[in-house]
Novice: 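Got a structure for you, written out below as structure tokens; questions coming shortly.
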Amino acid sequence: MRSTLDGFGEGLLELGRQRGDVVVLHADSGESARISPFADAFPERSFNFGISEQDMVMTAAGLSLTGKMPFACSFAAFLTTRAFDQIRTCLAIPCLGAVLVGTHSGLAAGEDGVSHQMNQDIALMRSLPNMSVMIPPDADSAFRMVFVASQHPGPVYLRLGGEQVPDIEGTKEAELRVGGGRLLREGDGVTICACGIMVHEALRAAEILSKQGISAEVIDCFSVKPLPSQLILASLRRTGCCVIAEEHNVIGGLCEAVAGLAAGENPVPMRYVAISDRYGQSGAPQELREYYGLTFREIVGAAAQIWSMRRR
Amino acid sequence: MEISQRRALERTAIEVRKDVVRMIGVARSGYVASSLSAVDILVFMYWRLLNIRPEEPRMYDRDRMVLSKGHACPALYAVLANRGFFDRKELWNFRRLGSMLQGHPETPRTPGIDAPGGSLGMGLGLSNGVALALRLDGVGSRVFCLLGDGELQEGAVWESAMQTANLGLGGVTAIVDLNGIQMDGKVVSIKKIEPVKEKFESFGWRSVHADGHDMEDLERAFSVALSDSIPSVILAETIPGKGFSMAEKGLIGSSRPLDREMMEQALRELESATKSFDGEEVR
């Protein structure tokens, strides 16, 4: 069991070994963002900006303008909000290659409470033209997405959580690209689109649903923007209904992205498993996910409901 | 600086001012006063200071110029065109749909524009990043950042100012165009920024005062600023709308465009300034 943060930290170190143009910036979060291994190996290419997210993003843009591949890392809660104008003006509008790493996203900041939890970041980053959004479900994916994101010509938002999760089988060989997704389990009764930690809940839900005679198809939508549209639409044609699960506010994230796609191409009945437009509070991350209804149980319930309404 | 060189720069500045007035007049949109206040600084830099090649605008070891006060881009566009970065005819498309010359600086859309801008308070952080990359590559190019004075009200400027000194980025030189105005009026009447010198110095910068319209004084200030390895800021006292009496007197709001009559008036004034030069040469 490892967190996506762990995979990211290992990936960053390996990328640093392979590419001399990678520069890592963080905002007083070297330990918490798992940057220390990179910083220890490459101190000349690692900069702690202190508690200054705006300055960090502007500097990342200046580095990118001058041929470097910057990674700018901080808590998702502060990176995507405090520095939003800088992200838009300095990175997204000029479409500069850079990776923004938002750590402790969703409810992962747990006991730190609502100010440190972040369930609006996908919405914010998705809304920017030129910005891509990637969310690894496990440490292996996070490791590999460091490489994928660093090769992308425009800015990428990499959303990381802190919870320990098992590695999903086959991640090391899977194709992971910007705009991609992974069919993790085939089925023809209901499509479950999930991202990040909810992929694990979706797989667990599919297991239970199969015992109830509902064959669920699980798609890891690790690229929330651009969406793996063809993969999702093909699945919707097979199943005729869809549950979408994300550790994010129900507004502006994966739920609305998939719903928007389906509305235009193949409207099918849908249910969302997401935070119902509320803020969080202090608590252990696992407890919080149960309290806010982000577990396999809600996915099973939603799938059973929607399955009876499926349109094929 | 020899007198002939000084005269040549001053004459160039008048030609650039005419182009600024024409651009904003033709576009019927743009910031006249803030553009005209920065013309002499930019002319000095692009004709006397910067290591650049207009025919090779992305040359890696060029000096960089980051226009943080992006609303003054008419001045920079006119300078770039007159310096040969692109065809001067492009100036008459300023702010039009599809134009290479956007209302605020964009990169890589416009040759010679080194960094994006428009949202204030971002140039210094961008400059730090550029300077850091150059230092990592062992390239000795310098990075200049032109800021407005009203812009110093943005908190992000000070995050970056702190970091320039903290990272020891001596290759960064900031120039503050102290024209004293912002959108709604005089800076001093809206949110006081003084003491600017002490603010920068307490953040680890060396500061140098200059008359932002005097070529010799600018040369002195830049040579002081570039003489050692700590980041320097040139505090350039300027007159908003310099060269056009109505704008100098504050009769044109900082964001108010020129109508045809005002444009013609401004061009007449600038033309007579050119003539006075010619007269001098005859004498």
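A quick note: this is a predicted structure, and the numbers were derived from the prediction, not measured. To find a chain, count down the sequence lines: A is the first, B the second, and so on, and within it residues start at 1.
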Novice: Check A:Leu65 against B:Pro116 and note the closest heavy-atom contact, atom names and distance.
Specialist: CD1-CD, 4.0 Å

Novice: Give the member of B:Leu124, B:Leu136, B:Asn166, B:Val66 that has the highest number of heavy-atom pairs under 4.5 Å with chain A.
Specialist: B:Leu136

Novice: Could you state the interatomic distance from OG (B:Ser119) to CD (A:Gln86), rounded to the nearest 0.5 Å?
Specialist: 6.5 Å

Novice: Drop me the distance from A:Asp85's CG to B:Glu154's CD, to the nearest 0.5 angstrom.
Specialist: 7.5 Å

Novice: Within the distance-only criterion (no hydrogens, no angle test), does the side chain of A:Gln54 pair as donor or acceptor with the backbone N or O of B:Ala156 below 3.5 angstrom?
Specialist: no

Novice: Could you give the distance from CG (B:Asn128) to CZ (A:Phe49), rounded to the nearest 0.5 Å?
Specialist: 7.0 Å

Novice: Is atom CZ of B:Arg109 surrounded by more than 12 heavy atoms (other residues, nucleotides or ligands) closer than 6.0 Å?
Specialist: yes

Novice: Return the CG to CG distance between A:Leu25 and B:Leu132, rounded to the nearest 0.5 Å.
Specialist: 7.5 Å

Novice: Taking atom CZ as the centre, does A:Arg88 end up with more than 12 heavy-atom neighbours from other residues, nucleotides or ligands that are less than 6.0 angstrom away?
Specialist: no

Novice: Would you say that A:Thr66 contacts B:Arg64 through its side chain, given a criterion of any heavy-atom pair below 4.5 Å between the two side chains?
Specialist: yes

Novice: Heavy-atom count check: over 12 atoms from other residues, nucleotides or ligands less than 6.0 Å from A:Arg278 CZ?
Specialist: yes

Novice: What distance do B:Met122 atom CE and A:Thr89 atom OG1 have between them, rounded to the nearest 0.5 Å?
Specialist: 4.0 Å

Novice: Counting only heavy atoms not in A:Ile51, do more than 12 fall under 6.0 Å of its CD1?
Specialist: no

Novice: Taking OH in A:Tyr279 as the centre, count heavy atoms belonging to other residues, nucleotides or ligands within less than 6.0 Å. Is the count above 12?
Specialist: no

Novice: Does atom CD of A:Glu31 have more than 12 heavy-atom neighbours, drawn from other residues, nucleotides or ligands, at distances under 6.0 Å?
Specialist: no

Novice: Counting only heavy atoms not in A:Arg144 (residues, nucleotides, ligands), do more than 12 fall under 6.0 Å from its CZ?
Specialist: yes

Novice: So do the side chains of A:Thr59 and B:Ser160 get within less than 4.5 Å of each other, counting heavy atoms only?
Specialist: no

Novice: If you round to the nearest 0.5 Å, how far is CG of B:Leu134 from NZ of A:Lys68?
Specialist: 9.0 Å

Novice: Quick one: closest heavy-atom pair of B:Pro108 and A:Pro94, and the distance?
Specialist: CD-O, 4.5 Å

